[in-house]
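The block underneath contains the structure these notes are about, expressed in structure tokens.
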Amino acid sequence: MTTETRLRIAMQKSGRLSDDTQALLKRCGLTLNVTDRRLLAHVANMPIDIMRVRSSDIPGLVMDGVCDLGIVGDNTLEEAALERELMGQKSQYIRTSQLNFGGCRLSIAMPEGFDYQGIKSLDGLRFATTYPQLLNRYAKEQGINVEFCLLKGSVEVAPRVGLSDGICDLVSTGATLEANGLVEVEEIFKSKASLIQTASALCSEKQSILDTLLPRIQGVMKAKESKYIMLHAPKDKIAEVSALMPGKETPTILPLAGRDDLVAVHVVATETFFWETMEKLNALGCNSILVMPIEKMMG
Ligand SMILES: Nc1ncnc2c1ncn2[C@@H]1O[C@H](COP(=O)(O)OP(=O)(O)OP(=O)(O)O)[C@@H](O)[C@H]1O
Ligand SMILES: O=P(O)(O)OC[C@H]1O[C@H](OP(=O)(O)OP(=O)(O)O)[C@H](O)[C@@H]1O
Ligand SMILES: [Mg+2]
């Protein structure tokens, strides 16, 4: 197959999204030979090439059709789309699916001790940020004027060195804010990683590879969120046990060799299976309760 018919996917070379992206593609059955220096990696067992770049370059590569697909944070995507619109450049893409990693939020944070009395307290202040377009859009919506200074990383240091009054940066655990004496005052954008696709139609060869890949991605995500639960339950407690099972799947009830009083109950749980539920099952007389990860799911 020529390179023109190989599907090209852009992913972050190294950083917060690269391990999860690589793991997702591997779980979809792609044999990836990624080494640090290989920036265009050929997938050995499928007509796919992986282009490893800076995350901030991914939206443009997909919008310009250089890559057919990309995996990038919604924050980076939205920022790039706003910036390109402002510059009159093409900013179309298709969000093919939202992925279940890279969860974070873009927030405004102020130094501890700042007297925050609502959004108007931020009027006229200066913020360090990697996301000026998202901040600007939010400020406009809120009817305030803000100034910004652009920093590509270590944004949290800016107020302490007198570069800005506050910051607008990504938060996940909040540990970086805390370590730098900052307090979150407004959340302005919620983000997760997304799979995006170029807006132009793909040739039939590429479309057919994508048609194989997409159900696999959905299957991997569904499996990641699901657990296979097995337990032994008293026969006369089946109704109560079934009612405690998370998700909408009907449990499978199987006889146990040599036991008239117990049955085996198997179920795929699509919701979180809490310790509390296990304790309740235990109190009903269930034992051998196993919660196992699922690798792949289809149908
Ligand atoms: N603390 C975090 N927790 C979870 N996800 C995060 C966190 N920080 C960033 N992200 C997500 O991961 C993406 C990549 O972040 P990372 O810091 O690795 O790269 P970057 O500096 O934004 O981009 P580049 O690859 O262009 O250097 C972010 O755009 C965001 O979607
Ligand atoms: O709320 P937390 O869990 O502490 O995470 C938030 C931090 O993570 C990201 O930075 P990263 O570590 O990617 O470094 P960077 O500034 O070099 O991008 C983000 O820009 C914050 O600084
Ligand atoms: Mg970062």
Side-chain angles (χ1 to χ4, degrees), residues 9-28 30 50-63 67-85 91-109 129-138 141 152-153 155-156 167-177 184 186-199 210 213-227 247 269-272 293-297:
I9 308 178
M11 66 167 274
Q12 191 188 25
K13 180 172 165 255
S14 70
R16 294 268 185 176
L17 299 179
S18 50
D19 287 351
D20 284 324
T21 303
Q22 210 170 302
L24 170 68
L25 296 175
K26 281 190 174 165
R27 284 189 155 229
C28 286
L30 278 66
I50 307 293
M51 193 164 157
R52 298 169 61 241
V53 293
R54 294 287 295 264
S55 155
S56 44
D57 289 333
I58 295 176
L61 288 168
V62 174
M63 288 170 190
C67 293
D68 307 301
L69 296 177
I71 293 177
V72 67
D74 292 336
N75 52 306
T76 309
L77 189 56
E78 193 66 8
E79 179 69 20
L82 289 172
E83 193 182 316
R84 286 173 76 109
E85 274 162 30
S91 72
Q92 293 108 311
Y93 62 89
I94 301 165
R95 181 184 278 103
T96 310
S97 50
Q98 175 116 91
L99 305 171
N100 52 4
F101 58 83
C104 56
R105 54 191 188 273
L106 182 66
S107 289
I108 296 177
T129 189
T130 316
Y131 302 95
Q133 303 300 334
L134 286 169
L135 174 60
N136 198 29
R137 182 173 72 182
Y138 180 78
E141 283 165 5
K152 297 278 186 186
V155 176
E156 290 86 351
I167 66 150
C168 175
D169 195 27
L170 299 172
V171 183
S172 162
T173 61
T176 312
L177 288 184
E184 196 173 354
E186 295 288 337
E187 175 184 305
I188 75 167
F189 190 81
K190 257 197 171 332
S191 184
K192 271 190 173 182
S194 282
L195 174 73
I196 57 164
Q197 184 184 335
T198 178
L210 183 59
L213 190 60
L214 283 184
R216 293 191 186 183
I217 290 179
Q218 297 305 334
V220 171
M221 287 201 294
K222 216 168 135 193
K224 199 170 157 191
E225 285 155 12
S226 305
K227 294 279 179 279
T270 49
E271 293 164 16
T272 315
I294 298 171
E295 199 181 298
K296 295 186 182 76
M297 278 173 98

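We number each residue from 1, following the sequence as shown.
Partners of Asp57 according to the salt bridge (Lys or Arg N to Asp or Glu O under 4.0 Å) rule, which considers only residues two or more places apart in sequence or in another chain, do not exist here.
Under 4.0 Å is where a charged nitrogen must lie from a carboxylate oxygen, and between Glu225 and Lys222 no such pair does. The residues Arg95 and Asp74 are annotated as salt-bridged, a charged nitrogen and a carboxylate oxygen being separated by less than 4.0 angstrom.
Side-chain atoms of Thr173 come within 3.5 Å of backbone atoms of Ala175 as a donor-acceptor pair (strictly under, hydrogens ignored). A donor-acceptor pair under 3.5 Å is absent between the side-chain atoms of Glu156 and the main chain of Leu177, judged by distance alone. With hydrogens and angles ignored, the 3.5 Å screen pairs a side-chain donor or acceptor of Glu79 with a backbone N or O of Gln133. Looking only at distances, no side-chain donor or acceptor of Ser194 sits under 3.5 Å from a matching main-chain atom of Ile196. Under the 3.5 Å distance criterion, the side-chain polar atoms of Ser191 are matched with a main-chain donor or acceptor of Asn75. No donor-acceptor distance shorter than 3.5 angstrom exists from the side chain of Ser226 to the backbone of Thr270, with no hydrogens or angles considered.
Put simply, the side chain of Cys104 does not reach to within 4.5 Å of the side chain of Val171, judged on heavy atoms. Two residues are said to be in side-chain contact when any heavy atoms from C-beta on lie closer than 4.5 Å; Met63 and Arg84 meet this criterion.
Taking each heavy atom of Gln98 and Lys192 in turn, the nearest pair found is NE2-CB, 3.5 Å.
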